[in-house]
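Data block below; observations after.
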Amino acid sequence: MPVFALVDCNNFYASCEKLFNPRLLNRPVVVLSNNDGCVVARSAEVKALGIPMGVPWFKLKDDARRHGILAFSSNYALYADMSNRVVEVLSAFSPNIEVYSIDESFLELSGFENSPGGLAGYGSEMRQRIADWLGLAVCVGIAPTKTLSKLANHCAKKNFAGVDGVCDFTTIPPDDLTKLFGKIEVGEVWGVGRKITAGLGAMGIYTVSQLRDSNAETIRARFSVVVERTVRELRGVSCIDLQEVVPDKQQIMSSRSFGQLIYDRAGLEHAVATYIAKAAEKLRAQDSLAGAVQVHIRTNIFKPEAPQYQRAITVPLPEATSDTRVLTLWALSVLRRIYRAGYGYHKAGVMLSNIVPRGSRQFSLFNTGGGAGLDCSEKLMTAVDNINQRYGRGAVRLAAEGVEKDWQMRRGNLSPKYTTDWAGLPVVRAK
DNA sequence: TCTGGGGTCCTAGGACCC
DNA sequence: TCTGGGGTCCTAGGACCC
C-alpha cells in the first residue's frame, strides 16, 4: 500500500518576504497579485485579522492603514528560487517526489514506516530541516492517498489532531478518523470546489465523512468520474498516482492586465509581441513547436459603464514552429482582425496550442526545402535565448515589442531579488 | 485611481467514417 | 409500415487546482 506525504509551505509568499527583512517580524504582511491587484498571500498576523484571500487591495486600504499591514508586489524570482531550495531539501527524504505547485510537494514514503518515530517522526524531521536550513515553516500531511494526505495537511495546519505541524492519518484509529472527518466541511477536500460543494449540499452531503460514505456510483452519475475518484480516495483507495516527471505543456499562455488602459492599435501590438516572445521562450525551453496561435483582447470588465468589447481568435499555422518572428507575424495578423478602435483595452493575451515535440515536426505540403532556413531559424532562436538568459529577458528582442512600455504592470512595492541578483543581496552591517 | 495568471481534465454534442 | 450500429475526432464549455 502506498503512503503519501504532502508538504506545504505556510503562507509561502509572505514567509519569503519576511525571511530577508527583519523589520517584518511579527508584522502583518500581504503579497499582491500582478498589477498589485488582489491579496494572494497573507502572513499569520493578517489571517488573524480576518482578512480573506483574494480581496482587491484597493478595498483594503483603510484596514491596512489601521492595522499597519505591509503589502508587497509579487516577487516571483524570489519565490521560485526559495521553492527550488525547499524541493532540494525534500528530495533527500524520498526518491519519489512530485513537485505539485510552487509551495507544495507530494512524497512517496512507503518503506520509511520503520524510521524512528514512525512516519510522523520522519515528517517532523523534514519540518525541522527546512526550518533550520531555509528558515521556512512547512506542514506535513501523511496518508495512503494523495487526497487524504492533502486533508491530513489541512488538519496539521489547523492543529486538528493536536499535533505540531505533522498529521499522520495512518496511525489514527478508524473511529477517531471518522469523528474528525465529521467535523470538516466537504469543501475542504481537494477537488471539491464551489459548484460541487453546492451540488453535494443539495444532496445533504456537508461533511467529509458524509462524502466518504456516499454511494460512489450515484456521485459519478450526478457529477463525474473525477468526483467518484475523490470518494474512493477518501476511503483509502489510491486512484491518483504520483506524477514524478513533469509532462510537456499542451498549451502555453501569456497574458497580463495593463498598468494603464491602451487605446491605440500600436500599443496592443507591442503588448502582444511582448507576450509572444515570452510564450515562445517557454515553448523552446521544453523543445516543442506550436501549431496554433490565439490572441485575445478585452476592455475592463469591472467598469461596466464603459463600452465593453472582447474578442479572441485562434489560427492554425501551416507549419508548427517555435520561431518568435513567425509566431509574432501570425499573432499581429490576428490582432488586426479583432482590434476595434474606440475602446480602452485593459488586458491582452496570447496562447500557443497544438503543441508537438520538435522531433515530430510535420512539414507543409508546399515546403520546398525549408531545411536550410529551418536550421538558420533554430540557431538564431538559440542564440537569442542564450543572450537573454545571460543578460536578462528582453536584452535582444523584436522591434515589434516597442520601446516605451508604459502599459506594463504596476509593481509598486517590489522587494529585492535577495537570492538571485547580486544587487539584491542583503547587507549585514556590524555595529 | 485601483479587481491576477496559468494551467489540467472531463463531458456533451456535432461532424464524419464505414 | 419500415430508415442501423459502432466508432473516432474535434471543439466548446465547465469544473477544478495553485
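Order of the sequence lines sets the chain letters (A, B, ...), proteins ahead of strands, with each chain counted from 1.
Taking side-chain N and O atoms only, A/K347 has a distance below 4.0 Å to OP1 or OP2 of B/dG5. Checking the phosphate oxygens (OP1, OP2) of C/dC17, no side-chain nitrogen or oxygen of A/K195 falls inside 4.0 Å. The side chain of A/K61 places no N or O atom within less than 4.0 Å of a non-bridging phosphate oxygen (OP1 or OP2) of B/dT3. Look at A/K303 and you'll find a side-chain N or O under 4.0 angstrom from OP1 or OP2 of B/dC2. At the phosphate of B/dT3, OP1 or OP2 sits under 4.0 Å from a side-chain N or O atom of A/H346. At the phosphate of B/dG5, OP1 or OP2 sits under 4.0 Å from a side-chain N or O atom of A/S257.
Nucleic acid contact class of A/S254 (heavy atoms, under 4.0 Å, all strands): sugar-phosphate only. As judged by a 4.0 angstrom heavy-atom cut-off over every strand, A/I252 is placed among residues touching the sugar-phosphate backbone only. Heavy atoms of A/D103 sit under 4.0 angstrom from primed sugar atoms or phosphate atoms, though from no base atom. When heavy atoms are screened at a 4.0 angstrom cut-off, A/V189 is found touching the sugar-phosphate backbone but no base atom. Across all strands, A/N35 comes closer than 4.0 Å to no nucleic acid atom at all (heavy-atom distances). In this structure, A/W57 reaches neither bases nor backbone, as no heavy-atom distance under 4.0 Å exists between it and the strands shown. Residue contacts shown for A/I196 are limited to sugar-phosphate atoms, with no base heavy atom under 4.0 Å away. In this structure, A/Q250 reaches the sugar-phosphate backbone alone: every heavy-atom distance under 4.0 Å involves primed, P, OP1 or OP2 atoms, never a base. Note on A/V55: nothing from the nucleic acid sits closer than 4.0 angstrom, heavy atoms only.
Across all their heavy atoms, A/V396 and A/N388 have their closest contact at N-OD1, 2.9 Å.
Using a cut-off of 4.0 Å between Lys/Arg side-chain N and Asp/Glu carboxylate O, A/R129 and A/D132 are scored as not salt-bridged. Ion pairing between A/E233 and A/K150 fails under the 4.0 Å rule for side-chain N and carboxylate O. Under the 4.0 Å criterion applied to side-chain N and carboxylate O atoms, A/R336 and A/E269 are assigned as salt-bridge partners.
A parallel orientation is assigned to the rings of A/Y275 and A/F258, their planes being inclined by less than 30° (bins at 30° and 60°).
Separating the P atom of C/dC18 from that of B/dT3 is a span of 25 Å, rounded to the nearest Å.
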**Message:** Between A/E228 and A/R232, is the salt bridge (Lys or Arg N to Asp or Glu O under 4.0 Å) condition met? List the steps.
**Reply:** CA-CA 6 Å; A/E228 182 196 13; A/R232 297 193 188 280; 2.8 Å; yes
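Of the candidates C/dC16, B/dG5, B/dT3, the closest approach to any side-chain atom of A/S255 belongs to B/dG5.
Interatomic distance, OG1 of A/T382 versus CD of A/E378, reported as 7.0 Å (0.5 Å rounding).
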Would you tabulate the nitrogen or oxygen pairs shorter than 3.5 Å linking the protein to nucleotides 10-14 of chain B?
from	atom 1	to	atom 2	distance (Å)
B/dC10	OP1	A/R229	NH2	3.3

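Taking a pair as Watson-Crick or G-U with both hydrogen-bonding distances under 3.5 Å, the stems of three or more pairs touching DNA chain C are B:5-18 with C:5-18.
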